[in-house]
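For reference, the structure is listed below as structure tokens.
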There are 2 protein chains.
Amino acid sequence: MKKDSSSSPMVTVHEVARVAGVSAATVSRFLNGTAKVSEEKRQAIESVIEKLNYKPNVLAQNLKTGSSRTIGVLTQSLVSGYFADAMAGIDEALQGTGYAPLIVSGHWHADEEAERIELLIARRVDGLVILSGKLKDAQILKLSQRVPIVAFGRDLSAPRAYGFCLDNYWGACEAVGYLIDQGHRNIAFITGPSDHQDALARLAGYRDTLAKHGIKEQQQLIVGGDFQESSGLLAVERLLESGQRFSAIFCANDLTAYGARLALYRRGIRVPEDISVIGFDDLHSSMYTTPPLTTVRQPLFDVGKCLGRAIVKMIGHETLDIEVPQLNLVVRESVKRVD
Amino acid sequence: MKKDSSSSPMVTVHEVARVAGVSAATVSRFLNGTAKVSEEKRQAIESVIEKLNYKPNVLAQNLKTGSSRTIGVLTQSLVSGYFADAMAGIDEALQGTGYAPLIVSGHWHADEEAERIELLIARRVDGLVILSGKLKDAQILKLSQRVPIVAFGRDLSAPRAYGFCLDNYWGACEAVGYLIDQGHRNIAFITGPSDHQDALARLAGYRDTLAKHGIKEQQQLIVGGDFQESSGLLAVERLLESGQRFSAIFCANDLTAYGARLALYRRGIRVPEDISVIGFDDLHSSMYTTPPLTTVRQPLFDVGKCLGRAIVKMIGHETLDIEVPQLNLVVRESVKRVD
DNA sequence: TTGAAAGCGATACCAT
DNA sequence: ATGGTATCGCTTTCAA
């Protein structure tokens, strides 16, 4: 093995032990508080550690303990504000626990996710946090035999696999309910990907809320999107071309709303004077769109904190006392009351 | 030591060797291609590995080789679209190299940065990528004695520390030059933090370009900001209250431009009909603001790829053939020609 | 080409 | 309370 190429000559427990006149075991015990060490030796060890500037070799600890003190985090995108919030939450939860996050992205592709997870497991992560994705629950359950898992965007409750969702259905009901409260009757909906659980829940919320208020659903007012801005833009163009009347658009997420808003702008249609727009997610930037976007807030940072804390507890065999964060409607300026 | 708690009984090189009827050394050699292995044994080993589903223990490899095959990445924010792009680039560059990124955030705070870096070094990262931040070049140079470093946002060129900047001065000149081309003479500037290198360069570019075109700089048209949306909003309000005339605003970054745009919107001032706005960065969302933002693009993803490739080469003692990505003006719809 | 054996640096068991 | 020693799983001399 190559010696450390840096300047300091790599001091080990044995070296510390030798200089302090004790055994390596004692040094280790002192370091980990595994057993009592006499005051006398404690001081000796402490001062030698100080003098030699000793730092335990994490790699050796890892091998010996069989743990890397690392949490694998599987996200779906490194550049999405949505996931970024959750990762920040995880990061915060992990601070001071001795665990560091190892982040990989699956890009919404089951095969890639599986591959990245194998990589994470090969690196001996002590736990796994999975943010959404396309893996089957069954796969995750299976994976959880090899490593404890906490997931977001799926309901799981096995010994070593726990997962929760936010109530997207409820959120969509709130959004549409609010629109109806404001006097809207002809409400368009731009959907998310049809294979996306949350997108489906939002669609269902839209439909049910309409029905609940005795408003007949109009097939032409529901147009397909994919959670990206471009699809919102396209959708509005189609909506406009269809000649259907509508006074409000519920967008399956904020990104879609941005695109929709731009399409409206291009046609000289004012928001909210002519048409109201409501989104879902509450990305940071939604506070600064023109007009600021009324939307359903997903507390992703809190979700991340929850997940981070949960995986640490699961690893420590503590009981998970999860309090699932709640969605809530944030009213800004993109919806106008009509009569 | 606890044995692996999962189902599979943890197969080692020795196990493979025993079953294949060879020595552990040979198995290792085969795995790493360190030396020639006879065809016969190669096959035997291969099939045993397959049958036993053997996976090398990375932790043991790490200890033995003294390397964690990990790259530490110090960012300043986990939720910034700006840094996220760079991290995605790094991630892409690292794919297939066997290195995984360990990401930490310094939150623009020198002490925190230093602390996080110590953490990274304690975890025996093989290299470090530093994204901006407030550390002194001297500190980085010193750190580079312990671990090779590649940095963005500073000019460095030591054996084990390389860093580059994008030409923010040039970018600002482009932006202001464009505004002047479009007939603007009274151009306001909302600055970035005064202790931020890039912000200063952009200010200098603004000033020099004005001067170059014989336009007298008006002190009241330069107002302080901090790269956040809220500061753009505030700045515009101050600008408006000052009673100064101006037909365009150059914002030190896109976030600031978002805030500025909202302030204008609130006052019923149209963009670009009444006032033109230009930003800096070209965040993803700038394509979908209303109107889409004209701005100076920072190719952060490419920067990230550059950095990722560079650190890998530096670790492998290869020569770094960096081609620093270029800024460029992207013209959209937030600037109008005036006469 | 191949094998035996010596570590890498820390931890933990077993004595004392 | 403390020390000796085996061990974690792999890589890599050194000999053959």
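- When each of B:Thr26, B:Ile49, B:Leu31, B:Val22 is paired with B:Val16, the side-chain contact (heavy atoms from CB on, under 4.5 Å) condition holds for B:Ile49 and for no other.
- Among the protein residues, B:Val22 comes within range of the sugar-phosphate backbone only, with heavy atoms under 4.0 Å from sugar or phosphate atoms but none that close to a base.
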Does A:Asn62 form a side-chain hydrogen bond (donor to acceptor under 3.5 Å, both in side chains) with A:Ser68? I'd like the steps, not just the answer.
CA-CA 5 Å; A:Asn62 287 350; A:Ser68 62; 5.8 Å; no
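- Taking 4.0 angstrom as the limit, B:Thr26 places none of its side-chain polar atoms (N or O) nearer than this to OP1 or OP2 of C:dT1.
- Under 4.0 angstrom from either OP1 or OP2 of D:dC10 there lies no side-chain N or O belonging to B:Thr65.
- Nucleotide D:dT11 holds its C1' atom 8 Å from the CG atom of B:Asn32, rounded to whole Å.
- When the nucleotides D:dG3, C:dT11, D:dC10 are ranked by their closest atom to the side chain of A:Ser23, D:dG3 comes out on top.
- At a threshold of 4.5 Å between non-hydrogen side-chain atoms, the residues B:His107 and B:Gln76 do not count as touching.
- Listed nucleotides: C:dT11, C:dG9, C:dG3. Nearest to the side chain of B:Lys41: C:dG3.
- Put simply, A:Thr12 has no side-chain N or O that comes within less than 4.0 Å of OP1 or OP2 on C:dG9.
- The neighbour count for B:Gln197 CD, taken as heavy atoms of other residues, nucleotides or ligands under 6.0 Å away, does not exceed 12.
- What separates CD1 of A:Ile45 from P of D:dA1 is a distance of 14 Å, to the nearest Å.
- B:Asn62 comes within contact range of no nucleotide atom at all, as no heavy-atom separation falls under 4.0 Å.
- A:Val37 comes within 4.0 angstrom of the backbone, heavy atoms only, and of no base.
- Taking atom CG of residue B:Asn57 and atom P of nucleotide D:dG9, one finds them 6 Å apart after rounding to whole Å.
- In this structure, A:Leu63 atom CG and D:dA6 atom P are separated by 17 Å, rounded to whole Å.
- Close to C:dT11, at under 4.0 Å from its OP1 or OP2, lies a side-chain N or O of A:Gln61.
- Whole-Å rounding puts the B:Arg69 CZ to D:dC10 P distance at 16 Å.
- Atom CD of B:Glu323 is surrounded by 12 or fewer heavy atoms from other residues, nucleotides or ligands within 6.0 Å.
- Side-chain atoms of B:Lys64 and base atoms of C:dG7 include a donor and an acceptor less than 3.5 Å apart.
- B:Lys55 places its NZ atom 21 Å from the P atom of D:dC8, with the value rounded to the nearest Å.
- Between the CG atom of B:Leu59 and the P atom of C:dT11 there is a distance of 13 Å, given to the nearest Å.
- Nearest-nucleotide positions on DNA chain D place A:Glu40 closer to the 5' end than the other of A:Arg124 and A:Glu40.
- Candidate nucleotides D:dT12, D:dG9, C:dG3 were compared by shortest atom distance to the side chain of B:Met10, and D:dG9 ranks first.
- A salt bridge links A:Glu15 with A:Arg18: the distance from a Lys NZ or Arg NE/NH1/NH2 to an Asp or Glu carboxylate oxygen falls below 4.0 Å.
- Distance, B:His14 NE2 to C:dA5 C1': 9 Å, rounded to whole Å.
- Checking C:dT11, D:dT2, C:dT2 against every side-chain atom of A:Ser28, the shortest atom distance belongs to C:dT11.
- When heavy atoms are screened at a 4.0 angstrom cut-off, B:Phe30 is found touching no nucleic acid atom at all.
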